[in-house]
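Every value quoted in this text rests on a predicted model; they were computed, and no experiment measured them.
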Amino acid sequence: MGKDSDQTRSQSGISRRNFIGTLGAGALGAAVAGPGTATTQEAQSAADGHLVVALRVNGRQVRAAIEPRHTLLEVLRDQLELTGTKPGCARGECGACSVLMDGVPRYSCMTLAAEADGHEITTVEGVMQGEELGHVQQAFVEHDAFQCGYCTPGQVMAAEGLLRRSPNPSIEEIQEGMSGNLCRCGAYAHIFKAVSRAAELKRGGEV
Amino acid sequence: MLPNFTYERPGSVDEALEHGSSEGAVLHAGGTDLLGCLRDGVFSAKKVVSLSGLEELRGISPTRDGGLRVGALTTLTGVASDPTIAERYTVLAQAAASAASPQLRNQGTIGGNICQRPRCWYFRGDWHCLRKGGDTCYAIAGENHFHCIFGGSGCYIVHPSDTAPALQALGASVRIASRSGSRTVPIESFFLLPADDIQRENLLEPGELVTEVLLPPVASGTRSVYRKVRDRGAWDFALAGLAAVVTMPGDSVETASLVLSGVAPKPWRAAEAEGALTGARLDAETIARVVAASVAGALPLEHNGYKVALVRGLMEETLRALA
Amino acid sequence: MKYYLEWPEPDPTNLPPPAQDIEPWGETRVVGKPLPRVDAYERVSGTALYTLDMALPDMLHGAILRCPHAHARVTRLDTGRAQAMPGVRAVITAATPGAAIPWYFRGQGPTSMLFDEHCRYAGDEVAAVAAETPHQAILAARAIDVEYEVLPFVQDDAVALTPEAPAIHEGGNILGQETSGRGDVEAGFAGADVVLEQTYHTPCEIHTPMETFVTIARWDGNRLTVWDSNQGVFGIQANLARALRLPLTSVRVICNYMGGGFGSKLGLSKYTVIAALLARTTARPVKIALTREESFICVGNRAANTIKLKAGVKRDGTLTALDAVFLGSGGAYPAGATSTYLVQALYLCPNVRVEDNEVYTNAGPSRAFRAPGMPNCAWALEQMMDALATEIDMDPVEFRLKNIATFLQINDTPYTSIGLRECLSDGAKAFGWSEARARPRGRGHVRRGVGMAAGMWAYPGDPRATVIVKLFADGSVNLNMGASDIGTGTKTVMAMVVAEELGVPLDRIQIEHADTGTTQNAPSSGGSQTVLVSAPAVRAAAIEVKRQLLELAAAQLERPVEQLVFQDGEIMPADAPDQAVALADLRGLRGRQVIVGVGRRHPHPEGKIALPFAAQFAEVEVNILTGEVRVLRLVAAHDSGRVMNKLTYENQVFGGMAMGIGLGLTEERILDSRQTGKVVNANWHDYKIPTAKDVPIDQTCVPIDPHDTECNTTGAKGLGEPAHIPTAAAIANAVYHATGVRVTDAPITRGRMLSALAERRGE
């Protein structure tokens, strides 16, 4: 059968504790830079039509060889093996793939990986403090703000972005701020409570 | 899955125009509409030219005439949360805040929002329709719940933008750059109807780029509002919307600008309604006349007759609130 | 007509009697508490591994070529171009050896083939490809050259009934027509003071769970392992084994974390069989993940229903007759389309007639969707009840209270418990019904109204679960159960049952579940049966462990078992608590290192039936100028028996109502019926599921526990489905209360609301 020209290795969900330093095949090499050395870097064209992008993902500097058509979602999951970020629709209609870019929530399925070059990306894995859950995650647990949990990483990132922008949101602001993330199980009522609680936790309220 | 293309991220507008002029090049501002179109095969691209390196196209600043310049790459969130816009150009802030979802507003730009392609499901889906170069408009005999009641001919899309009618109501212009120079076009004449060109929604030629949106100064006492009705509480395009900009120094309306979204292939100026409102006292009788005038000439299709009632309702509600 | 959930069909009649005599719980210490989920950490941290996240070494990706025509015959198929594409490892079609697999969609058959040359809807499977990357697979599938003979198609249910309609299956399009009921409806109407008649319509809805439909198949010699996002591994296993002609033992199906199903992932899907075939052909693991668009087209929907309902009532509120005609179509390969159950069962009525018609149409297949047929039926019945109440000038709650049936009228079976009265009265109280009902509805263009609806669920569950609880030498526990946790909190609730019985903290209970290779048979997580079927089995297994531990302790303490008590993970003589022995200190346990308890679900009670009941209340705001309907608040009162976990219980109720808002206000599949027959809104923008802004902030859950000691040994009844049944109807009734306009077609879109308002004004 046909010859191979598109041999990009795909997901491996086997490792769950995803350390960027152990990138899978497909990345041209994962350089781990020292802290605070992220620089804005133009996406460079590699000889074979791939681009090399430099991203800072969850505080770590990574370089990845990508095709121009690759989305940030695909690079996060397939190359960096950060499978916490979920594909739902691949067209900006559900929010399951929400991440923060420079602290602002956006859909990684609607972001070309090349556009993320030089930017700071935070995924659900990046709001953990080691093995400890972040404030938003803790609040989601406390208030049972999910059912199947598939949309939850995206919900957590939307909430994280909302609270970074608006640390003390009203319940209506929460409703608006979370309106870019579908939950087919319909856990919205608990999500509202959880985001409200997360704001409290972030402000240093009672844990 | 996206098809293959090459990717350029120029560092200057000139460079962007250079790349943008090559055959098969498409411009990428926020990318939220472009990537959807490429994924669905609405059109194809050999080269994606990203504008994200063009810092000069971002931001909001005052102009010498007392108006405002909004860089085309300013995000919808940026537009919606700008204090000057919120205060003086309320209609625009409200329109930007009502578009899409929080994440898409963080990414989508004002330039991209006015240049986005229509959402007609035949156009977006795998129907080879008139607007895509085919020979049939499937909406005419098909499922036309969300299609236009004004301005259709051959093709019955609605223009999907919320900010465009707000800009038109404000009398804004767009600045367009190309390799041969730049021009400023009133937004009123920026958009095209199917009768003008069935495959384009605006007059941008290949290789042209919207660089900024220019807002004229607003007269004191101007009141403006954008009211959008959609089937879902968020993350939905307008079934119909009304951008209203009215000055009423005393008891009577001095100027009125009423532009509708979601009902025509371009932002639709309700000219007869404006005529009925201008110079009149904002009383029940005037409102009734304006409401009736607002749907003059409406030609609904089989499933979108409700839009006529909706436009009347929007007009009535908005005018009552202004009264 | 009947809904088909599973094959082989459950046979609850030939189960052995319970092994132990287990007393119902009284007060519980762990069960019922609002505890966070045992797998919450995994789900919020992104570490939970869903099938879509998984990959195996050397794995290929599959893609399916689907028929683009609503009705066609494949006349020529050439895979040459596709075979030559980069990365392609296999292309399979109807002609591939081993691919001529009969396809069953109603339990028995065959009624079509895996790749059927007769394509009956736009989306039917024609061929499939395995390639090195998903992209290569998709491109290759598109490169398969197919010539079709395009046939006339029919998508209108009523037209499909006519003899002129193109035949979708041999024998025509009428799948079933049956009439049932009791009494004499004509006499009932003759004796009524008020008779109303109305036709209602509900849309075709799509399940569209957040995790798409995905499977990974891997062969090891003649043994197949499938990781598959589904709601019941044993049903998938049985059907896959049948399709591939393998013994059950050669097919292992695993699904730990899964991202929602709502019924669409109950049955075996073609893509799973196709992945298995591709994996066998290529001798490599194959993953197939359907696209979001495919999830709207070919893996199930709730059939649209047209329900004509006529009802008679006396002035005093006594129902005298109900006469209903149902018409629905589950498309070309339906699992069911309608449910007449509520009309027959919910209210006391001596004279009932239901005529049920189900037809084939050239559209995507239906599947059970959260309470299949029931919210549709409630949409009609509960609006009719509201209209009757108005006509006789009686409060809708009072009217329903007057017509509560205390037994299942379909077969004269008494209920083990019925909390419908409390659902109605306590729910009304929590809602502030009387005050809200009397409040002014507004004179301007924004009107307010309140409405309510009741419901019940029909399925008592398939009582066949077997569960194993293992207690290790240190007192920690392994819970081994076949049930799936589809997001309803199954794992958490079952662990709480173990904790209740054995006094082991939740974090010392490890759960192994939903794996046909390592866990024991349990019914699928559908039909609101998981807790009420599996929890008693878990309880029995834990009690069996406890029995063995007490025997060990009796030997060690030299006391008869009867004198010992088991408390907080310790065993002690009732009269000498100071002699308490911790489990880890039991010598007999240390010797064996493990105690194994096997528990089976007991059969259903003889001559009685256990079913859940519900009443929901809604307040809405309607803008009569724009047609906008906003749900302001919801109250749900549910008799689902014992509350197993207050937090997950409440969450599930709110989730059911959110989905009900979708049916009531926003969701509707739209077909291009007059032109191409394709779905025009196969995406989440055009098919509108509720967002955070479509559900009210103000939602209240009122659990009603009738302390049912007969239904099963936990006292819990089903919850997931009843939570969804009355919501849309309650909203419609509130809209009527606000505006005086009855919208009989769901969903109440802005357009429908405006049209109904205009019609009333005589425009």
Side-chain angles (χ1 to χ4, degrees), chain A residues 1-8 10-14 16-17 77 82-91 93-94 96 123-125 128 133 137-138 140-144 146-153 156 171-172 174-176 178-192, chain C residues 36-37 39-50 52-55 59 61 83-89 132-136 208-212 257-260 262 291-292 486-489 647-648 650-652 654-659 683-685 689-693 695 697 699:
Chain A
M1 274 186 213
K3 64 181 168 33
D4 299 342
S5 68
D6 184 3
Q7 273 273 22
T8 316
S10 197
Q11 297 111 299
S12 156
I14 306 302
R16 298 189 308 154
R17 308 272 177 226
R77 285 176 61 87
L82 292 169
T83 57
T85 304
K86 303 296 183 199
C89 63
R91 44 190 292 157
E93 290 171 354
C94 76
T123 70
V124 70
E125 291 89 349
M128 307 277 290
L133 298 177
Q137 293 164 314
Q138 281 178 44
F140 268 61
V141 172
E142 252 179 62
H143 284 282
D144 200 42
F146 53 89
Q147 288 176 34
C148 79
Y150 191 82
C151 72
T152 308
V156 166
I171 196 82
E172 288 76 16
I174 290 172
Q175 207 177 15
E176 172 66 37
M178 298 304 290
S179 66
N181 293 72
L182 298 179
C183 172
R184 187 52 159 161
C185 299
Y188 297 121
H190 281 195
I191 290 171
F192 302 153
Chain C
R37 292 177 197 234
D39 55 2
Y41 179 95
E42 288 85 343
R43 292 190 198 261
V44 302
S45 63
T47 54
L49 203 58
Y50 294 79
L52 198 68
D53 298 327
M54 294 174 63
M59 188 175 81
H61 297 267
Q83 303 258 6
M85 303 262 296
V88 172
R89 296 289 170 258
E132 297 289 343
T133 71
H135 195 219
Q136 288 173 331
T208 195
M210 298 305 295
E211 182 191 30
T212 185
Y257 289 98
M258 67 86 69
F262 315 105
T291 62
R292 182 50 57 192
I486 57 173
T488 49
L647 207 49
T648 57
E650 190 182 85
N651 197 347
Q652 205 171 0
F654 295 160
M657 292 200 291
M659 210 169 241
N683 60 67
W684 269 327
H685 162 249
I689 72 174
T691 70
K693 288 195 79 174
V695 302
I697 291 161
Q699 297 187 54

message: Could you tell me if the side chain of A:Thr83 sits less than 4.5 Å from the side chain of C:Met54, heavy atoms only?
response: no

query: Tell me, side chain or backbone of C:Ala40 under 4.5 Å from chain A's heavy atoms, or both, or neither?
result: both

- request: Please examine the side chains of C:Met657 and A:Tyr188, heavy atoms only from C-beta on, and report whether any two atoms are closer than 4.5 Å.
  value: no

Atom group of C:Met258 that falls short of 4.5 Å from chain A, counting heavy atoms: backbone

- line: Okay, A:Ala187 and chain C: the region with an atom under 4.5 Å from a heavy atom over there is both

query: Does the side chain of A:Gln147 come within less than 4.5 Å of C:Asn651's, by heavy atoms?
result: yes

- request: Identify which part of A:Phe146 has an atom lying under 4.5 Å from any heavy atom of chain C, answering side chain, backbone, both or neither.
  value: both

- prompt: Does any heavy atom of chain A fall under 4.5 Å from the side chain of C:Asn683, the backbone, both, or neither of them?
  reply: both

field: Residue pair A:Phe192 / A:Glu172, side-chain heavy-atom distance below 4.5 Å
entry: no

message: Heavy-atom pairs under 4.5 Å with chain C - which of A:Arg91, A:Lys86, A:Gln175, A:Glu176 has more of them than the others?
response: A:Gln175

task: Below 4.5 Å from any heavy atom of chain A, which atoms of C:Glu211 appear? Answer side chain, backbone, both or neither.
output: both

- request: Give the ring-plane orientation class for C:Tyr257 versus C:Tyr50, where under 30° counts as parallel, over 60° as perpendicular and anything between as tilted.
  value: tilted

task: Supply the atom-to-atom distance A:Gln137 CD to C:Ser45 OG, rounded to the nearest 0.5 angstrom.
output: 6.5 Å

task: Below 4.5 Å from any heavy atom of chain A, which atoms of C:Leu647 appear? Answer side chain, backbone, both or neither.
output: both

query: With only heavy atoms counted, which part of C:Thr208 is less than 4.5 Å from chain A, the side chain, the backbone, both or neither?
result: both

message: So, taking the atom named OH in A:Tyr150 and the one named CG in A:Leu182, what distance separates them when rounded to the nearest 0.5 Å?
response: 13.0 Å

